[in-house]
J.: 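Quick one: this structure, given as structure tokens, is what I'll be asking you about.
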Protein chains: 2
Amino acid sequence: MTTPPPGLRERKKQATREALRAAALRLAVERGPDRVRVEDIAEAAGVSPRTYNNYFASREQAIVSALTADREARIAAAVAARPAGVRLADAVTEAVVEQYTNTGAPDHRVLPLITTRPALRDAFLDTTAGIEAPLAEVIAERLGDVGEDTARVLAAGVTAAVRIALEGWLRPAGGAGAGEAGSAESSAGGGLVVPSGSLPGRLRAALAPLAPAFDAAERNARPREGPAGVPVERTRPSGGRPR
Amino acid sequence: MTTPPPGLRERKKQATREALRAAALRLAVERGPDRVRVEDIAEAAGVSPRTYNNYFASREQAIVSALTADREARIAAAVAARPAGVRLADAVTEAVVEQYTNTGAPDHRVLPLITTRPALRDAFLDTTAGIEAPLAEVIAERLGDVGEDTARVLAAGVTAAVRIALEGWLRPAGGAGAGEAGSAESSAGGGLVVPSGSLPGRLRAALAPLAPAFDAAERNARPREGPAGVPVERTRPSGGRPR
DNA sequence: CAGCAAACATGCGTGCACGCAAGTTTGCGT
DNA sequence: ACGCAAACTTGCGTGCACGCATGTTTGCTG
């Protein structure tokens with residue numbers, strides 16, 4: 001199930017996709033991202049403008065995809081890779097943190113560029129939605145099929161938490177979708193809030209509140225044993241939440 | 001903070017918004033929703049097409065907004081209205097269910113119409129994102145200011161759960177004419193799965209997995225008392241999760 | 001009441017997303 | 001090798017979102 005012969009057609013397709021990615025990123029860095037039209041990207045990649053939209057639904061997606069690439073699959077794999085004994089919440093948290101720590105930016109000019117422009121910022125945030133389905137799958141895997149719906153909700157929760165963490169991380173600007181709350185904001189200097197600043201810190205902080213939900217789901221959906229019939233040794237399925 | 005004199009300008013603005021809503025809905029029902037252009041809506045409302053986009057960012061928003069109206073504020077208010085003693089998870093769940101049970105569709109031809117067309121369906125689902133900010137605010141209210149970030153995450157989790165519930169709810173919807181909601185019922189007893197079919201059922205099922213997270217947040221963020229200094233009597237902040 | 005500044009409606013122009021209907025390439029069975 | 005069907009690319013046309021500049025309305029203040 002790993003594409004024994006990748007097939008010529010599929011390879012060309014991926015090549016085109018990659019070419020568009022590269023072209024979009026390069027042009028966006030060279031000129032401003034606002035000075036790049038779809039037509040330019042397509043031309044640089046050697047395809048027609050119309051074809052561009054067969055690969056990317058929006059102008060920003062190509063640029064952002066250079067950063068996100070196949071992060072979805074990576075996160076799912078990272079979760080699946082954790083030994084079955086660890087707390088699900090921990091497995092997911094670490095997998096997410098791991099995949100977001102190295103932003104995968106080849107050029108250090110890229111990140112400031114994305115965080116600056118609102119359109120790119122939004123497109124970047126939208127990519128987090130992509131991790132939901134794979135996550136739901138691996139979570140359901142661990143929860144057993146009885147928790148399929150629960151897995152979906154938990155995965156969605158994780159996705160939402162990640163989105164919030166990212167929003168906070170690249171803050172100095174804000175607002176997406178509908179109206180922004182904004183009014184009664186935390187001007188009060190309560191220091192015990194998030195120690196944040198670093199992305200990993202924010203991610204952990206955002207995911208922490210969901211841990212009890214994972215524990216509960218895990219607890220009441222699988223009082224079973226490990227893959228070899230060995231009773232699983234758990235690392236604290238419950239208890240006070242960390243940090 | 002309730003606009004003592006609403007102001008003439010603001011009234012006109014709301015009137016225009018309402019006119020656009022009504023026109024969009026009416027035209028969408030009369031002809032198919034695909035046979036309505038922004039230009040038509042604008043004309044029917046007596047404004048220019050350009051003005052339409054000053055009120056709604058997309059063509060579908062106007063149609064859908066007839067259903068969603070001010071649901072965001074209603075949910076927040078509903079949560080705030082619950083007595084302080086009840087479990088936060090219950091308060092939120094009930095508030096959400098309450099606001100989504102009466103879909104607020106004046107015309108029964110409207111719902112089938114929205115559930116059918118993918119574009120409208122997506123636009124409708126997008127509106128759920130709007131409840132996040134108000135929800136976060138009221139949740140933060142109950143959690144105390146120390147849980148502000150937690151509140152955001154929980155609110156986002158609720159939003160995601162609602163979205164999933166809605167997706168599942170209007171999945172079996174299809175066909176041109178008849179759109180009967182809530183028919184396929186729970187299979188027999190093997191499953192503790194969801195008995196779903198009805199929207200309220202799906203909402204509760206989707207929100208249930210998050211309850212432990214609410215409990216934990218509530219537990220460790222506010223060992224305090226009620227608004228009048230009276231120790232709050234809680235309805236089981238912890239314990240096995242219901243249903 | 002006069003006048004000014006902000007908010008708003010509107011026209012115009014640009015770039016974009018996407019359906020549709022060809023033309024072209026790839027994969028596969030015979 | 002051959003040829004067909006599906007997949008892909010491409011040009012074209014339509015409707016849409018939105019920035020910008022301008023004329024008009026509203027609300028406020030001296």
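Quick note on labels: first sequence line is chain A, next is B, and so on, each numbered from 1.
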J.: Shortest non-hydrogen contact from B:E60 to B:A123?
T.: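 That closest heavy-atom pairing would be CB-CB, 3.6 Å.
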J.: How long is the line joining CG of B:D34 and P of D:dT14, in whole Å?
T.: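 It works out to 17 Å between those atoms.
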J.: In whole angstrom, what separates A:E60's CD from C:dA17's P?
T.: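 So the two atoms are 7 Å apart, to the nearest Å.
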J.: How many Å lie between NZ on B:K13 and C1' on D:dT25, as a whole number?
T.: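 That distance rounds to 14 Å.
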J.: Take the protein atom CD of A:E10 and the nucleotide atom P of D:dA7, then report the distance between them rounded to whole Å.
T.: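 The answer, rounded to whole Å, is 12 Å.
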J.: Would you mind telling me which of D:dT9, D:dG15, C:dA17 lies closest to the side-chain atoms of B:R37?
T.: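 My answer, after comparing the listed nucleotides, is D:dG15.
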J.: Would you say a side-chain N or O of B:T51 is under 4.0 Å from OP1 or OP2 of C:dT10?
T.: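 Indeed, a polar side-chain atom of B:T51 lies that close.
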J.: To the nearest Å, give me how far apart CG (A:N54) and C1' (C:dT24) are.
T.: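 My rounded result for the distance is 14 Å.
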J.: Could you check how far CZ of A:R31 sits from C1' of C:dG15, rounded to whole Å?
T.: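 Atom CZ in A:R31 sits about 15 Å away from atom C1' in C:dG15.
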J.: Answer with base, sugar-phosphate or nothing: what part of the nucleic acid does B:Y55 contact at a heavy-atom distance below 4.0 Å?
T.: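 Sugar-phosphate, backbone atoms only, no base.
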J.: Need to verify one output field. Residue with the more 5' nearest nucleotide on DNA chain C, B:V47 or A:Y52?
T.: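 So the residue in question is B:V47.
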J.: Are B:R117 and B:F124 in a cation-pi contact, defined as NZ or CZ under 6.0 Å from the six-membered ring centre and within 45° of the axis?
T.: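 No; the conditions do not both hold, so B:R117 does not lie above the ring face of B:F124.
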J.: Whether A:R21 engages the ring of A:Y55 as a cation-pi pair (distance to the six-membered ring centre under 6.0 angstrom, angle to the ring normal within 45°) should be assessed.
T.: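 Here A:R21 fails the 6.0 Å and 45° test against A:Y55.
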J.: By nearest nucleotide on DNA chain D, pick out whichever of A:R9 and B:R59 is the more 5' one.
T.: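 Result of the comparison: A:R9.
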J.: If only atom types and distance count, is the side chain of B:Y100 paired as donor or acceptor with the main-chain N or O of B:L166 below 3.5 Å?
T.: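 Answer holds: no.
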J.: Is any NZ, NE, NH1 or NH2 atom of the basic residue among B:R163 and B:E132 found under 4.0 Å from an Asp or Glu carboxylate oxygen of the other?
T.: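 Answer for the salt bridge query: no.
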J.: Does a distance-only test, which skips hydrogens and angles, find a donor-acceptor pair under 3.5 Å between the side chain of B:R50 and the base of D:dG19?
T.: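 Check passes, donor-acceptor contact within cut-off.
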J.: Using whole Å, what does the distance between atom C1' of nucleotide C:dT10 and atom CD of B:E39 come to?
T.: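 After rounding, the reported distance stands at 14 Å.
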J.: In whole Å, I'd like the distance from the CD atom of A:Q61 to the P atom of C:dG15.
T.: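 So the two atoms are 21 Å apart, to the nearest Å.
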J.: Respond yes when some side-chain nitrogen or oxygen of A:K12 is under 4.0 Å from OP1 or OP2 of C:dT26, and no when none is.
T.: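 So the side-chain polar atoms of A:K12 do come within 4.0 Å of the phosphate oxygens OP1 or OP2 of C:dT26, strictly under.
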